[in-house]
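Worth knowing before you read on, the calculation uses all heavy atoms, side chains too, and leaves out hydrogens, waters and symmetry mates. Reminder, nothing fancy here: chain letters follow the sequence lines and each chain counts from 1.
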There are 2 protein chains.
Amino acid sequence: MLKNAEFVDKLRSSGLRPTKQRLKICEVLFNREKTFHFTINDLAKNISNQLNEKISLATVYNTVHAFKDKGYLKEISINSDKSYFDTNITNHHHFFDEDTNQLIDCNNEDIEEVRVKKNITEKKIKSVEVLIKVASDNQNQN
Amino acid sequence: MLKNAEFVDKLRSSGLRPTKQRLKICEVLFNREKTFHFTINDLAKNISNQLNEKISLATVYNTVHAFKDKGYLKEISINSDKSYFDTNITNHHHFFDEDTNQLIDCNNEDIEEVRVKKNITEKKIKSVEVLIKVASDNQNQN
DNA sequence: AGTCTACATTATAATTATTCTAAACTGTTG
DNA sequence: CAACAGTTTAGAATAATTATAATGTAGACT
Ligand SMILES: [Mn+2]
Ligand SMILES: [Mn+2]
Ligand SMILES: [Zn+2]
Ligand SMILES: [Zn+2]
């Protein structure tokens, strides 16, 4: 539940100019109790609903990617149709309901910590995330 | 290392007509020692290289999806740009190298079994998969 | 407060992965 | 071999995303 002035600071501190479009998007994304998942299209619709003025779709894309690059959002890939974004930037896992295309956060208590015993690569591990796909029993997998 | 006649049986037994395109794709995908990951585009290029005749891109899409539906392939979503497919249909996890966009199988010994303590949904769990993203240290996450 | 400049926004076009369409073709069955 | 259903195909259509290039504006410096 941040206020406008706080968003201005947040943006400034990460080198992003606090334009009115970015502030509006901050408000829609971060001025809430709970984190949530969204697609670009969700967000664009959401904005044009609760707003008289519209924000260009290109700007929504630019802003979401800028926020992601700054670490304010995470991108989550479930299928190749579209990207999901997450305002919960902590390390966490997901359930994905294949019937409804709904993405649900796992509480850390729901899954035992994943232990990587051996990193086969030479490189640094950036994230370890579990995706649990669920569906009605009569559904075919994947 | 299956032979043509075996592919014919395999296709027949799953209700797919063993057309020459499907058999060629079987050969490219399954006539190997090791499983591997590919994109539709990889596969299409691969085919047109080692083949005088071409297979239409639409047919490659159709066939790959048919094989996936029959359980001969798995689809893996790393990013929303394109789909990766996997000839390794066993339950397994992946490393993804963000620098090179390479997908690497985890051996089951590399990760401790993931235990889902609580299924928050009412539905049946279809899959539980871990994706470990790696990159050079100076790379930015996600 | 006015000017300047780099950064942002916008409408629109371009790109890319994927799916659709409808006509031509072919594997199978009788 | 004839007939039919399933398959392939080229090309068009769709949809998500990115690029372009003209216009606008936040912030700095007078
Ligand atoms: Mn798909
Ligand atoms: Mn992306
Ligand atoms: Zn989440
Ligand atoms: Zn794999």
Contact nearer the 5' end of DNA chain D, comparing Ala58(A) with Asn41(A): Asn41(A)
State which of dA11(C), dT25(D), dT18(C) makes the closest approach to the side chain of Ile40(B). dT18(C)
Can you measure Asp42(B) atom CG to dT18(C) atom P for me and round it to whole angstrom units? 11 Å
For Leu29(B) and Phe36(B), which heavy atoms make the closest approach, and how far apart are they? O-CE2, 3.4 Å
From dC20(C), dT10(C), dT26(C), nucleotide with atom closest to Arg17(B) side chain: dT26(C)
Do you see a donor-acceptor pair shorter than 3.5 Å between the side chains of Thr39(B) and Asp42(B)? yes
Flag if over 12 foreign heavy atoms under 6.0 Å of NZ, Lys45(A): no
Counting only side-chain nitrogens and oxygens, does Arg12(B) get under 4.0 Å of the OP1 or OP2 atom of dG27(C)? no
How many whole angstroms separate atom NZ of Lys20(A) from atom C1' of dG24(D)? 9 Å
Among Lys74(A), Lys70(A), Lys68(A), find the residue that satisfies the side-chain contact (heavy atoms from CB on, under 4.5 Å) test when tested with Tyr72(A). Lys70(A)
Between dT8(D), dT26(C), dG27(D), spot the one nearest the side chain of Thr63(B), thanks. dT8(D)
To the nearest angstrom, the CG-C1' distance between Leu43(A) and dA16(D) comes to 15 Å
Are the side chain of Ser13(A) and the backbone N or O of Lys10(A) linked by a donor-acceptor pair below 3.5 Å? yes
Distance test, side-chain N/O of His65(B) to OP1/OP2 of dT19(C), below 4.0 Å: yes
Using a heavy-atom cut-off of under 4.0 Å over every strand shown, decide if Thr19(A) touches base, sugar-phosphate, or nothing. sugar-phosphate
Below 4.0 angstrom from OP1 or OP2 of dT9(D), is there any side-chain N or O of Gln21(B)? yes
Protein-nucleotide distance (Asp81(A), atom CG; dT19(C), atom C1'), rounded to Å: 11 Å
Kindly say if Tyr61(A) contacts the phosphate of dT17(D), meaning a side-chain N or O under 4.0 Å from OP1 or OP2. yes
Taking only the side-chain nitrogens and oxygens of Ser80(A), find out if one of them lies under 4.0 Å from OP1 or OP2 of dA17(C). no
Would you mind telling me which of dT8(D), dT18(C), dA8(C) lies closest to the side-chain atoms of Arg22(B)? dT8(D)
Among dT26(C), dT8(D), dA8(C), which nucleotide sits nearest the side chain of Asn62(B)? dT8(D)
Could you label the plane-to-plane angle of the Tyr84(A) and Phe96(A) rings as parallel, tilted or perpendicular, counting under 30° as parallel and over 60° as perpendicular? perpendicular
Between Lys82(B) and Val8(B), which residue's closest nucleotide on DNA chain C lies nearer the 5′ terminus? Lys82(B)
In whole angstrom, what separates Ile25(A)'s CD1 from dA8(C)'s C1'? 12 Å
Lys54(A) NZ to dA8(C) P: how many Å, rounded? 24 Å
Rounded off to whole Å, could you give me the CG-to-C1' distance for the Leu57(A) and dA13(C) pair? 14 Å
Leu11(A) CG to dT9(C) P: how many Å, rounded? 10 Å
